[in-house]
Amino acid sequence: MINIVLFGKPGAGKGTQAEFLKEKYTLTHLSTGDIFRFNIKNETELGLLAKTYMDKGDLVPDSVTIQMLQSEVEKNPESKGFLFDGFPRTIAQAEALDAFLESKNDKITATVALEADDEILVKRLLERGKTSGRPDDQDEEKIRNRYQEYNEKTAPLMDYYKSQGKFYAVNGIGTIEEITERLSTIIDKF
Ligand SMILES: Nc1ncnc2c1ncn2[C@@H]1O[C@H](COP(=O)(O)OP(=O)(O)O)[C@@H](O)[C@H]1O
C-alpha cells in the first residue's frame with residue numbers, strides 16, 4: 001500500500017497531476033476541495049458549513065475536515081493506497097492523519113510538493129476563475145487570502161514531513177507530462 005500526500009500552494013496543479021497519478025499507481029484520489037464542492041453543489045449540511053469558509057478563502061475548521069476525510073477513507077476499504085490532495089493543510093490535520101493511519105496499521109509513504117512562484121499561481125487562478133465558476137478563484141483578494149492561509153497554516157507541514165524523512169519537492173513549472181514524470185520518478189522509489 002502506498003499513501004501519497006500531494007502538496008502545493010493553491011493553483012500549483014495538484015488536481016491535474018492527481019488525475020494522472022491515480023491511474024498510473026491505482027490510487028484512490030481524495031481531494032478535500034472536490035469533496036467540499038460536491039457537498040456545496042448538493043446543498044448538504046457539510047456543504048453549507050464549508051461554503052461560509054471557502055467563499056472567503058479561509059480554511060474549513062480542522063474538526064470538520066478531519067472527520068470528513070476519515071469517513072472518505074473508510075468508504076474505500078479495498079483501496080490499494082490513497083492519493084491525498086489538499087489534505088492535510090494544517091499540523092493538526094497531519095497529526096490526525098498519522099494517528100488515523102496508524103490505527104489501521106498503515107502510514108504515509110511520501111509527501112510530494114509541486115513548487116511554483118506565487119505570482120505565476122495567482123495569474124493561473126484568475127484564469128481558472130473565468131471558466132471554473134469557483135467563487136474563490138474570481139477575486140484577487142480571496143486568492144491572496146488563500147496564500148496567507150497557506151503560508152501561516154500549511155507551509156509548516158513541510159518541516160513536519162521533513163522531520164519524518166518523507167518530504168520531496170519537484171519543480172511545478174513545465175508541461176503537464178513533464179511534471180507527471182518528475183513526480184513519478186519520486187513515487188517509483190517506493
Ligand atoms: N484540508 C483542508 N482543510 C481546510 N479547508 C480545506 C481543506 N481542503 C480544502 N479546503 C477548503 O476548500 C478550498 C478549496 O480547496 P482546493 O480545491 O484544494 O483548492 P486550492 O488548492 O486550489 O486552493 C480551500 O480554500 C479551503 O477553504
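For ligands, and for the atoms within them, numbers begin at 1 and follow the listed sequence.
In the vicinity of G11, heavy-atom distances shorter than 4.0 Å reach the ligand 1 atoms 22 (O). Taking every non-hydrogen atom of F87 and a distance limit under 4.0 Å, the qualifying atoms of ligand 1 come out as 1 (N). Shown in contact with T32 at under 4.0 Å from a heavy atom are these atoms of ligand 1, numbered in order with element: 1 (N), 7 (C), 8 (N), 9 (C).
The protein non-hydrogen atom at the shortest distance from atom 11 (C) of ligand 1 is M54 CG, 3.7 Å. Nearest protein heavy-atom neighbour of atom 6 (C) of ligand 1: F36 CE1, 3.8 Å.
Using a 4.0 Å cut-off between charged nitrogen and carboxylate oxygen, E115 and R182 do not count as a salt-bridge pair. Using a 4.0 Å cut-off between a side-chain N of Lys or Arg and a carboxylate O of Asp or Glu, K123 and E119 do not qualify as a salt bridge. Salt bridge present: E72 and K75 bring a charged side-chain N and a carboxylate O closer than 4.0 Å.
Between D136 and ligand 1, no N or O atom pair is found at a separation short of 3.5 Å. Backbone and side-chain nitrogen or oxygen atoms of R128 are examined, and one is located within less than 3.5 angstrom of a nitrogen or oxygen of ligand 1. At least one N or O atom of G86, backbone or side chain, sits closer than 3.5 Å to an N or O atom of ligand 1. The shortest N/O to N/O separation between Q93 and ligand 1 falls below 3.5 Å.
The backbone N or O of T109 lies less than 3.5 Å from no partner atom in the side chain of N3, so there is not a single donor-acceptor pair. Distance alone, capped at 3.5 Å, is enough to place a donor-acceptor pair between the R146 side chain and the D136 backbone.
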Test side-chain hydrogen bond (donor to acceptor under 3.5 Å, both in side chains) applied to T28 and N76, step by step: CA-CA 8 Å; T28 305; N76 292 282; 4.6 Å; no
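Residue R37 places a heavy atom under 4.0 Å from ligand 1. Heavy atoms of R134 approach ligand 1 to within less than 4.0 angstrom.
Under a hydrophobic-cluster definition in which Ile, Leu, Val, Met, Phe, Trp and Tyr are linked whenever side-chain heavy atoms come within less than 4.5 Å, directly or via other members, L183 and I176 are assigned to different clusters.
Here the shortest heavy-atom distance to atom 16 (P) of ligand 1, taken over K14, R89, R146, K51, belongs to R89. When the options L6, T65, L121 are ranked by their closest heavy atom to atom 2 (C) of ligand 1, first place goes to T65. Taking each of V60, L59, D58 in turn, the one with a heavy atom nearest to atom 27 (O) of ligand 1 proves to be D58.
Annotation: cation-pi pair K162/F167 present, NZ/CZ under 6.0 Å from the ring centroid and within 45° of its normal.
In this structure, F84 and F87 have tilted ring planes: the angle between them lies in the 30° to 60° band.
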